[in-house]
Amino acid sequence: MADDLRGRVEELSGLLVAWRRALHKRPELGFEEVETAAFVAARLGELGMEVRTGVAKTGVVGVLRAAKPSRRPVLLRADMDALPIDEAPGRPYGSEIAGKMHACGHDGHTAMLLGAASVLKAVRGRLERDVVFCFQPGEEGFGGAEAMIGEGVLSEHGVGEVYGLHLWSLFPVGTIQVRSGPAMAANDEFVASIVGKGGHGAMPHEARDPIVAAANAIVALQSVVARSIDPMQPAVVTVGSLQAGSAPNVIPEAATMRGTMRSFNDDVRELLRRRVREVLEGTSAAAGCRLDYALHPGYPTVVNDADAVARVRRHAALVVGEANVVEPAPMAAAEDFAYFLRQAPGAFVFIGAGNAARGITAPHHAPRFDIDESALPIGTELLVRIALGD
Ligand SMILES: [Zn+2]
Ligand SMILES: [Zn+2]
């Protein structure tokens, strides 16, 4: 294959930045990506691509057909949503919408996938398979991926492989990072109310104190990871919120805690769910209290396919050089691309977007989050090579 792909992407690099900044100025939250979806549909329309809008409410799907497909289609995914965060002031392309910010880089994901669509359209004759461009709503806690799959984005096209990218400000620009197997955590949240019997602080024997029960429960929860989980398996249980009582001399009726559990495989996930509940029930019962418990399931583990990762690494080496293709440690953050990877083999890949020399070091979801925009052509070229590649 005569390799003019780098040059084609470089020609687009000004547009990639312009698209990213246009999107950055107009952030929209999950399942509200109306302007963003219209922007995406307009760009795909300009390319003369088949476009479907309103998929899973605000999702957009473009399809580029190979002339003579010899393999099943590949799906490339970008997420489009922003976060309910006030952006730190001072950037010419800063958010124009108070309280909303593209603080996870999804503006860049959208721009890169549009860039890939543009390049792939120009080299369509080389495609051996159809390419499904999936612009997904609501990644940040809304499970937009699951909704898109539910509306047939995979089944309708008979997709055989799936790929997604994430710009990552904690990895240096110029690197591409991907790991085989479990790469990002499953997350589940729980809300547990320990309900006792309120009373006078001076007469605890007449009450059933939910605060003492909650304190014991939280200490006991620390033993779930330490004593119930295989020490070779990473897991986290964190109680991030505890609320009870309002006066020093009153025993309240209830204490309510909220927490999160993270794990990297389904067995550990199940075990965490079961043990956390058992510990809370046991400590509540021992204190003569009742437990009201609700589990809020989050995303499953992101599990990358070994063969797909090997292919990505080969393509990535052409983009950034072999020395800059890195295997990162598993990450305890969660990603709803996990749902795609449960349906078809593929990989979720990090594109380094941090640059300490330029002060681009803020983590994702922070008000000062930014990306080094020279990451945009890197991600675009990788998407193009994945779609065209073996
Ligand atoms: Zn995020
Ligand atoms: Zn994200």
Side-chain angles (χ1 to χ4, degrees), residues 19-20 23-24 26-33 36-37 40 56 58-59 76-88 95 97 99-114 134-148 162-171 173 176-179 183-189 236 240 260 262 296 298-302 304 328 330-341 346-354 360-373 375-376 378-380 382-383:
W19 289 340
R20 182 259 166 167
L23 294 165
H24 192 87
R26 309 290 302 167
E28 295 173 298
L29 303 183
F31 291 120
E32 298 173 1
E33 304 93 332
T36 308
V40 166
T58 44
L76 306 177
R77 171 272 211 171
D79 41 12
M80 302 189 290
D81 57 327
L83 286 151
I85 293 175
D86 261 317
E87 182 162 349
S95 170
I97 302 172
K100 296 180 192 175
M101 175 189 177
H102 268 293
C104 203
H106 300 184
D107 48 349
H109 303 169
T110 304
M112 291 190 293
L113 190 54
L114 286 171
C134 173
F135 294 87
Q136 175 210 304
E139 192 286 323
E140 298 285 2
F142 300 92
E146 206 178 16
M148 293 291 279
V162 295
Y163 293 90
L165 304 186
H166 209 303
L167 293 161
W168 206 251
S169 67
L170 301 181
F171 294 155
V173 70
I176 294 176
Q177 311 215 8
V178 61
R179 71 175 286 122
M184 295 181 79
N187 69 331
D188 289 314
E189 290 183 359
V236 183
T260 184
R262 307 280 164 131
H296 300 288
Y299 303 155
T301 311
V302 169
N304 288 330
M331 214 179 273
E335 232 302 329
D336 78 351
F337 193 72
Y339 291 109
F340 285 106
L341 289 168
F348 191 65
V349 184
F350 294 98
I351 305 295
I360 302 171
T361 56
H364 292 248
H365 296 199
R368 292 198 175 280
F369 171 81
D370 203 357
I371 57 163
D372 185 324
E373 289 169 327
L376 298 174
I378 293 173
T380 303
L382 182 65
L383 288 168

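Counting starts at 1 for both ligands and their atoms, in listed order. Below, each value reflects all heavy atoms present in this structure, side chains not excepted, and no hydrogens, waters or symmetry copies. What you see is a predicted model, and the numbers here were worked out from it, not measured in a lab.
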> Does the pair Cys104 and Glu140 meet the rule for a side-chain contact (heavy atoms from CB on, under 4.5 Å), with working shown?
Replying inline: CA-CA 9 Å; Cys104 203; Glu140 298 285 2; 3.2 Å; yes
> Is there a donor-acceptor contact under 3.5 Å from the side chain of Asp86 to the main chain of Gly99?
Replying inline: yes
> Charged N to carboxylate O under 4.0 angstrom, Lys100 versus Asp81?
Replying inline: no
Can you classify the ring geometry of [X] versus [Y] as parallel (below 30°), tilted (30 to 60°) or perpendicular (above 60°)?
{"X": "Phe337", "Y": "Phe340", "result": "tilted"}
{"X": "Phe350", "Y": "Phe348", "result": "perpendicular"}
{"X": "Tyr299", "Y": "Tyr339", "result": "perpendicular"}

> Which residues and atoms, protein N, O or S only, are under 2.8 Å from the Zn ion (ligand 2)?
Replying inline: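 N, O, S partners closer than 2.8 Å: Cys104 SG, His106 NE2, His166 NE2.
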